[in-house]
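In each ligand, atom 1 is the first atom listed, and ligand 1 is the first ligand listed.
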Amino acid sequence: MSNTYEAPRRLIKSAEDIEKMRVAGRLAAEVLDMIKPHIVPGVTTLELDTICHDYIVNKQDAIPACLGYGAAPGRPAFQHVICTSVNHVVCHGVPSENKVLKKGDILNIDVTVIKDGFHGDTNMMYLVGGETSILANRLCNVAQEAMYRGMAVVKPGATMGDIGHAIQKYVESERFSVVREYCGHGIGTTFHDEPQVLHYGQPNTGMILEEGMTFTIEPMVNAGVWQTKLLGDKWTVVTKDHKLSAQYEHTLLVTKTGVEVLTARPEEDLSRFNV
Ligand code: MF3
Ligand code: CO
Ligand code: CO
């Protein structure tokens, strides 16, 4: 008996699909670059949301995927374009006119755009005012490196468990923890598709990667315990111990020899990855 399994054929993208995924990915990455100069002490997360909305709709002629997304029994649809997760907020922070950023805050902006029917999904950390505590700075760097360690495993024949294991091993070696309740995901014409991409796990388990699959890797790394708590708005996720959390996310394509980063930003050094 094997604890690995093949991907359903519908998860393998065609050449035409991949070209559209490249465009959507590039647009999502451009939002994260565009918003950077606006992230200064005194700005509210709602102001950042409005800037991203206008850019996506008017300049990119794209659709903000999060707006109106995710209604479920007991949970309203998300009413914004970006998630803004500050300090101890793990993910899905709701932009608000009451959330004024201050120097030393760490902010994650997560954006997903739809272009020509396909999704691009990416997030990154920003240091408000350009600097933060030594701990917060290290946490952000570890979250980014955790994502890269997972990406370094991606190639045909590797498994989802290989990705999760690489991330978990690295994060725990840095004496931080990996959030369990939220994960990466397949992506394409569907925002959150199969497979679930867990950021922890055992090597040689789970779905086997194949050329043409597209999914996100988006580890959430906590300074304290991995457990989280959902706030009363039914969206905002915070750390149970209220210690800091950081996250990075890319949308990825499995290539013949490795990984193509569909949401790469120009300033990012991706030279270690085999495309
Ligand atoms: N972009 C998030 C992800 O990485 C999902 C946000 S859903 C929202 O999968 F509704 F909160 F925006
Ligand atoms: Co995202
Ligand atoms: Co995602």
Side-chain angles (χ1 to χ4, degrees), residues 11 21 24-33 35 45-46 48-50 52-53 56-57 62-86 89-96 99 107-115 118-126 143-144 146-147 150-151 154 160 163-164 167 178-199 213-221 228 230-238 245-253 261-265:
L11 298 184
M21 288 292 292
R26 188 187 325 123
L27 293 177
E30 280 171 10
V31 175
L32 295 186
D33 268 339
I35 200 63
T45 53
L46 187 63
L48 298 176
D49 183 70
T50 302
C52 290
H53 175 274
I56 293 166
V57 171
I63 299 168
C66 295
L67 188 59
Y69 182 78
R75 179 176 79 177
F78 198 79
Q79 295 300 334
H80 297 87
V81 160
I82 52 174
C83 297
T84 50
S85 303
V86 182
V89 178
V90 173
C91 63
H92 304 166
V94 179
S96 163
K99 187 64 197 173
L107 165 70
N108 180 282
I109 294 188
D110 189 344
V111 66
T112 308
V113 305
I114 307 170
K115 185 74 171 183
F118 285 80
H119 292 72
D121 183 9
T122 185
N123 74 49
M124 68 175 283
M125 301 301 299
Y126 302 86
Q144 185 175 40
M147 176 186 67
M151 287 161 53
V154 174
M160 283 293 163
I163 295 173
I167 292 169
V178 178
V179 169
R180 307 286 202 273
E181 296 104 319
Y182 302 89
C183 57
H185 48 93
I187 185 168
T189 55
T190 301
F191 189 172
H192 294 109
D193 204 347
E194 280 189 273
Q196 293 198 73
V197 182
L198 303 184
H199 304 114
M213 288 173 62
T214 52
F215 55 83
T216 71
I217 296 181
E218 49 180 301
M220 286 140 275
V221 176
T228 65
L230 182 64
L231 295 190
D233 63 11
K234 300 295 179 195
W235 278 106
T236 309
V237 178
V238 300
S245 187
Q247 181 181 25
Y248 275 82
E249 173 177 29
H250 272 313
T251 297
L252 306 166
L253 166 70
V261 184
L262 301 176
T263 45
R265 296 180 305 279

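Ordered by chain and residue number, the residues placing a heavy atom less than 4.0 Å from ligand 1 are Cys66, Tyr69, Phe78, Cys83, His92, Asp110, Thr112, Asp121, His185, Phe191, His192, Glu218, Trp235, Glu249.
Considering only heavy atoms from C-beta on, Gln247 stays 4.5 Å or farther from Val90 through its side chain. For the pair Pro195 and Leu11, the minimum side-chain heavy-atom distance is below 4.5 Å. Between Leu32 and Tyr126 there is a side-chain heavy-atom pair separated by less than 4.5 Å. Put simply, the side chain of Val57 reaches to within 4.5 Å of the side chain of Pro64, judged on heavy atoms.
Sorted by chain and number, the protein atoms of type N, O or S within less than 2.8 Å of the Co ion (ligand 3) are Asp121 OD2, His185 NE2, Glu218 OE2, Glu249 OE2.
Panel note: side chain Thr214, backbone Ile187; a donor-acceptor pair is recorded below 3.5 Å. Checking side-chain atoms of Ser85 against main-chain N and O of Gly93 turns up a donor-acceptor pair under 3.5 Å.
Applying the ring pair (Phe, Tyr, Trp, His ring centres under 6.0 Å) rule to His199 yields no partners; only residues at least two apart in sequence or on another chain are considered. For the side chain to side chain contact (heavy atoms under 4.5 Å, CB included) test, residues two or more places apart in sequence or in another chain that qualify with Cys52 are Val31, Met34, Ile35, Val81, Ile82.
Note on ring orientation: taking the six-membered ring where Trp is involved, the planes of His192 and His185 are perpendicular (angle over 60°, cut-offs 30° and 60°).
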